[in-house]
Number of protein chains: 2
Amino acid sequence: MSEPPLSPALGRFIGQMPFAMREAVEAAGTLIRYRNGATIQQRGDRKPGLSIVVEGAVRMSAMDSEGERSTYILMRPGDCFGEMTLFLDIPRTLDAVAVGETAIREVSRERFTRLLDAQPALRDHLLASLARQLSLSLEQLDDQRRLSATVRLAKTLVGLAEPDGEGHVARGSQTELAEAIATSRVTAGKALSELVQEGLVETAYRAVRIPHLGALKNWVAARSFLTPVIKRD
Amino acid sequence: MSEPPLSPALGRFIGQMPFAMREAVEAAGTLIRYRNGATIQQRGDRKPGLSIVVEGAVRMSAMDSEGERSTYILMRPGDCFGEMTLFLDIPRTLDAVAVGETAIREVSRERFTRLLDAQPALRDHLLASLARQLSLSLEQLDDQRRLSATVRLAKTLVGLAEPDGEGHVARGSQTELAEAIATSRVTAGKALSELVQEGLVETAYRAVRIPHLGALKNWVAARSFLTPVIKRD
DNA sequence: GCTCAAATGCTAACTTCTTTGCAGTTGGTT
DNA sequence: AACCAACTGCAAAGAAGTTAGCATTTGAGC
């Protein structure tokens with residue numbers, strides 16, 4: 001079966017770099033550690049620069065004036081965010097919160113600019129990274145427009161799945177899952193029980209067990225109407 | 001009043017280029033003309049390259065397997081699309097259809113690569129363009145998640161508005177407007193009549209008249225919960 | 001200036017999602 | 001070991017959006 005672009009993880013920025021470039025980027029950045037739940041950045045922060053996840057994970061989300069939060073993405077080690085603030089004079093667009101003990105490498109715009117001179121190939125790397133993020137973001141928009149809450153949830157679960165014993169798990173409360181697909185907790189709960197009915201997942205406390213990840217992937221693929229476009233490594 | 005990023009138009013690619021760069025890009029491309037309604041590209045086309053709108057307009061949209069079409073954006077002269085196919089090995093993501101007599105400048109990936117060597121500054125230009133598109137795409141996703149159909153429609157109307165006599169007009173059938181905000185025609189019609197009730201717009205045949213664009217912008221701004229982030233020229 | 005396909009405006013039944021509220025469960029903390 | 005805050009699961013009312021259908025209006029093309 002072909003691997004559809006299910007993971008919402010953008011980036012894969014560091015992973016595909018040649019060794020020397022990676023060294024240079026790492027040397028240019030400051031490593032900062034965050035506790036579980038700590039705020040890494042807030043929407044509106046004016047700190048142009050690139051942030052690379054080294055350890056742990058980062059939940060990118062936004063909250064509207066009515067206190068409704070919605071999550072956009074979970075960044076994993078090797079992913080990066082903030083590229084946009086390097087080239088545009090804009091503040092940070094999303095809130096970023098550490099999930100688990102997390103380490104972030106921060107490269108300021110100044111240092112990054114110098115880095116670009118030393119490593120011209122980095123520009124192309126960044127271009128590819130932005131292009132991929134744009135492509136994934138358009139796909140996400142598409143999903144939001146066309147797919148039912150249940151399919152969106154299933155797709156999100158595939159993206160969050162981690163190996164666990166025989167099968168996989170996606171960790172997070174139902175409220176968090178609801179935020180990830182931009183619905184209410186009730187709808188997320190219903191969607192989840194539909195997937196349980198189908199025998200695709202089992203619910204647990206702050207977790208969803210996925211006995212056969214492949215089956216879930218197939219189920220999602222059969223319901224994602226547009227042909228997937230990006231191949232994921 | 002501050003100018004919120006209401007226009008869904010991405011790009012502004014050519015407009016901000018230094019003259020020499022612009023000349024070089026134009027020299028590298030082939031100009032192709034399309035009739036109103038002609039297909040410029042289809043989702044899945046494998047033609048890596050950059051397409052720049054020179055004259056007319058282009059509607060970017062996608063259709064799912066059930067024949068439901070949704071429009072993503074209307075590209076105007078100076079905007080460009082296809083950047084992603086330059087750096088990623090992916091097919092074209094969206095269908096593109098000419099709106100009115102339209103001219104497109106196509107630059108193949110090969111020619112563009114050579115162009116990058118001759119005009120290194122073009123890379124930064126492209127980085128900024130991708131960054132802006134990503135930022136706008138994230139905003140669009142946000143709107144889709146949080147805003148009601150009525151506000152989304154109003155925002156779209158502001159983006160489509162063209163000067164017309166005293167005020168402005170947004171041209172397009174209600175079906176097309178519905179596709180632009182990803183709802184049914186009925187909902188689009190209801191949303192439209194709400195805006196009429198508010199005295200913000202007047203309906204017409206294949207057009208919506210906007211007597212006071214500023215008033216509509218204010219109305220939208222008051223209902224867009226997240227602080228706008230990108231300034232639009 | 002007539003014709004007709006396309007577009008608008010409306011209604012009604014139905015589905016989906018949200019909000020509110022509550023009862024029962026879970027697992028970290030004292 | 002007991003407590004309690006957080007989480008799950010469920011129900012009911014209502015809001016929002018969808019589909020289907022029909023009568024009327026519009027304007028482009030003959």
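Reminder, nothing fancy here: chain letters follow the sequence lines and each chain counts from 1.
Here S184(B) lies in heavy-atom contact (under 4.0 Å) with a base. R185(B) comes within 4.0 angstrom of a nucleotide base, judged by non-hydrogen atoms across all strands. Residue contacts for S193(A): at a heavy-atom cut-off of 4.0 Å it reaches no nucleic acid atom on any strand shown. In this structure, T187(A) reaches the bases: a heavy-atom distance under 4.0 Å links it to at least one base atom across the strands shown.
The distance from atom CZ of R206(B) to atom P of dT8(C) is 7 Å, rounded to the nearest whole Å. If you take CD of E194(B) and C1' of dG9(C), they are 15 Å apart, rounded to a whole angstrom. The nearest whole Å value for the distance from the CG atom in L147(A) to the P atom in dT16(C) is 15 Å. Taking atom CD on Q174(B) and atom C1' on dA6(C), their separation rounds to 12 Å, with Å as the unit. The separation between I181(A) atom CD1 and dC17(C) atom P is 9 Å, rounded to whole Å. If you measure from atom NZ of K190(B) to atom P of dA12(C), you get 12 Å, rounded to the nearest angstrom.
In the set dT18(C), dG27(C), dG9(C), the nucleotide with an atom closest to the side chain of Y205(A) is dG27(C).
Between the side chain of E101(A) and the backbone N or O of G56(A) there is no donor-acceptor pair closer than 3.5 Å. In terms of modelled atom types and a separation under 3.5 Å, the side chain of R92(A) and the main chain of R43(A) share no donor-acceptor contact. Formation of a donor-acceptor pair under 3.5 Å by the R223(A) side chain with backbone atoms of V151(A) is not found in this model.
For residues 187-201 of chain B, every residue pair satisfying the side-chain hydrogen bond (donor to acceptor under 3.5 Å, both in side chains) rule, not counting sequence neighbours, is listed here: T150(B)-E194(B), S184(B)-T187(B).
With sequence neighbours excluded, no residue forms a salt bridge (charged side-chain N to carboxylate O under 4.0 Å, His left out) with E68(B). Partners of D45(A) according to the salt bridge (charged side-chain N to carboxylate O under 4.0 Å, His left out) rule, which considers only residues two or more places apart in sequence or in another chain, do not exist here. With sequence neighbours excluded, the residues forming a side-chain hydrogen bond (donor to acceptor under 3.5 Å, both in side chains) with R33(B) are E55(B), listed by chain and number.
Under the 4.5 Å side-chain criterion, counting only non-hydrogen atoms from C-beta, V208(B) is not in contact with H168(B).
If you walk DNA chain D from 5' to 3' and mark each nucleotide with an atom closer than 4.0 Å to a heavy atom of chain B, the marks span dG17(D) to dG27(D).
When each of A149(B) and T203(A) is assigned the nucleotide of DNA chain D bearing its nearest heavy atom, the one mapping closer to the 5' terminus is T203(A). Both R152(A) and L192(B) sit near DNA chain C, but only L192(B) has its closest nucleotide nearer the 5' end.
The bend of the helix from dG1(C)-dC30(D) to dT30(C)-dA1(D), defined by the angle between the axes of its first five and last five pairs, stands at 40° to the nearest 10°.
For S61(B) and R69(B), the side-chain atoms include at least one donor-acceptor pair closer than 3.5 Å.
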